[in-house]
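One is the number of the first residue; the rest follow in order along the sequence. In this text the structure is predicted, and so the values were computed from the model without any measurement.
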Amino acid sequence: MQLTQASLTHHTTELSTLCQTTDHISQPLQALLERLPSRTAPPPVAEPSPAAPAVPAAALGVPVGPWVQLLHLALLDTYDGDRTSGERFLQSCLTYIHLSGDAFDSDALKIAWVLSYMKAGWASTYALHILRRSGGVGSFTDWATFEKDFQAEFFPIDPAKSATLALRNRE
């Protein structure tokens, strides 16, 4: 009984800490979104999905005709800062941004959107640091500067060694 109570107390404390971290990240992101210039007119979307913006099939190089429906992009999973999945997370972000067309019309918006998925572990600390420093996401001169910083923080330190270790672990 004591072990269960201790475990419950530990998990409750851990959950409380995660909620506080999420609140700390959400508030600066919301403030940033409120400062961004509003778009004059959103792009037309037929029957929008609440999960993700629709992407016209023509934007993907797919033949357009009455048989072609709009595609709906899957949203990303929360990123926790694990170096083994950093490259995969960034590639997912780049794919989503590319397929979203003009929805991401500034580097600051792209960076803020990526940071919004960094809600756990070291990634949440990193995102919070960026949002709290002078200039926030605007402290990066452009997307390439952010991407380089992200790679330094979240890509494997030695990709060749990481790949070798991964192969050995499979055996």
Side-chain angles (χ1 to χ4, degrees), residues 21-22 25-26 28-30 32-33 35-131 136-167 169-170:
T21 301
T22 301
I25 292 172
S26 297
L29 277 175
Q30 186 61 38
L32 174 67
L33 288 173
R35 288 191 316 209
L36 289 173
S38 62
R39 298 175 59 109
T40 54
V45 177
E47 298 180 19
S49 165
V55 176
L60 303 175
V62 176
V64 178
W67 61 89
V68 177
Q69 298 291 322
L70 292 176
L71 303 175
H72 295 280
L73 301 175
L75 295 176
L76 304 178
D77 291 329
T78 296
Y79 180 59
D80 64 2
D82 179 8
R83 283 185 180 270
T84 63
S85 59
E87 187 172 5
R88 189 171 39 249
F89 172 75
L90 185 59
Q91 186 57 51
S92 294
C93 292
L94 291 169
T95 300
Y96 190 98
I97 289 168
H98 175 74
L99 293 176
S100 295
D102 295 334
F104 294 95
D105 56 0
S106 73
D107 288 343
L109 184 58
K110 291 175 192 175
I111 294 166
W113 180 79
V114 171
L115 294 177
S116 75
Y117 284 94
M118 300 173 77
K119 302 179 200 175
W122 168 242
S124 69
T125 304
Y126 173 85
L128 193 56
H129 171 73
I130 289 171
L131 294 171
V137 296
S139 62
F140 292 102
T141 55
D142 56 18
W143 173 262
T145 305
F146 169 75
E147 190 172 352
K148 189 174 185 178
D149 191 66
F150 183 93
Q151 290 172 356
E153 288 292 332
F154 299 110
F155 277 28
I157 295 170
D158 183 352
K161 188 174 184 178
S162 296
T164 301
L165 291 173
L167 288 173
N169 289 337
R170 291 179 124 184

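Heavy atoms only, all atoms of each residue included: Leu76 and Cys93 are closest at CD1-SG, 3.4 Å. When all heavy atoms of Leu131 and Val137 are compared, the closest pair comes out as CD2-CG1, 4.1 Å. When every heavy atom of Ala123 is checked against every heavy atom of Tyr79, the shortest pair comes out as CB-O, 3.4 Å. Here the closest heavy-atom approach between residue Arg88 and residue Thr84 is recorded as NH2-O, 3.9 Å.
Between the CG atom in Leu90 and the CZ atom in Phe154 there is a gap of 10.5 Å [rounded to 0.5 Å]. Of the inter-residue distances, the one linking Trp143 atom CH2 with Ile97 atom CD1 reads 4.0 Å to the nearest 0.5 angstrom. For the atom pair OG of Ser124 and CE of Met118, the computed distance is 8.5 Å after rounding to the nearest 0.5 Å. To the nearest 0.5 Å, the span separating NZ on Lys119 from OH on Tyr117 amounts to 7.0 Å. Note that CG of Leu115 and OH of Tyr126 are 7.0 Å apart. Values are rounded to the nearest 0.5 Å. Taking CG of Leu94 as the reference point, atom CG of Leu99 lies at 11.0 Å (rounded to 0.5 Å).
Taking a 6.0 Å sphere around CD of Glu87, one finds it holds 12 or fewer heavy atoms contributed by other residues, nucleotides or ligands. The neighbour count for Asp142 CG, taken as heavy atoms of other residues, nucleotides or ligands under 6.0 Å away, is above 12.
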ask   = Please walk me through it: do Ile111 and Phe150 pass side-chain contact (heavy atoms from CB on, under 4.5 Å)?
value = CA-CA 10 Å; Ile111 294 166; Phe150 183 93; over 6 Å; no

ask   = Would Val114 and Lys110 satisfy side-chain contact (heavy atoms from CB on, under 4.5 Å), going step by step from the backbone distance to the final call?
value = CA-CA 6 Å; Val114 171; Lys110 291 175 192 175; 5.6 Å; no

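Residues Asp107 and Phe140 are not in side-chain contact: their nearest non-hydrogen atoms beyond the backbone lie 4.5 Å or more apart.
Between the side chain of Ser106 and the main chain of Leu109, a donor-acceptor pair closer than 3.5 Å is present.
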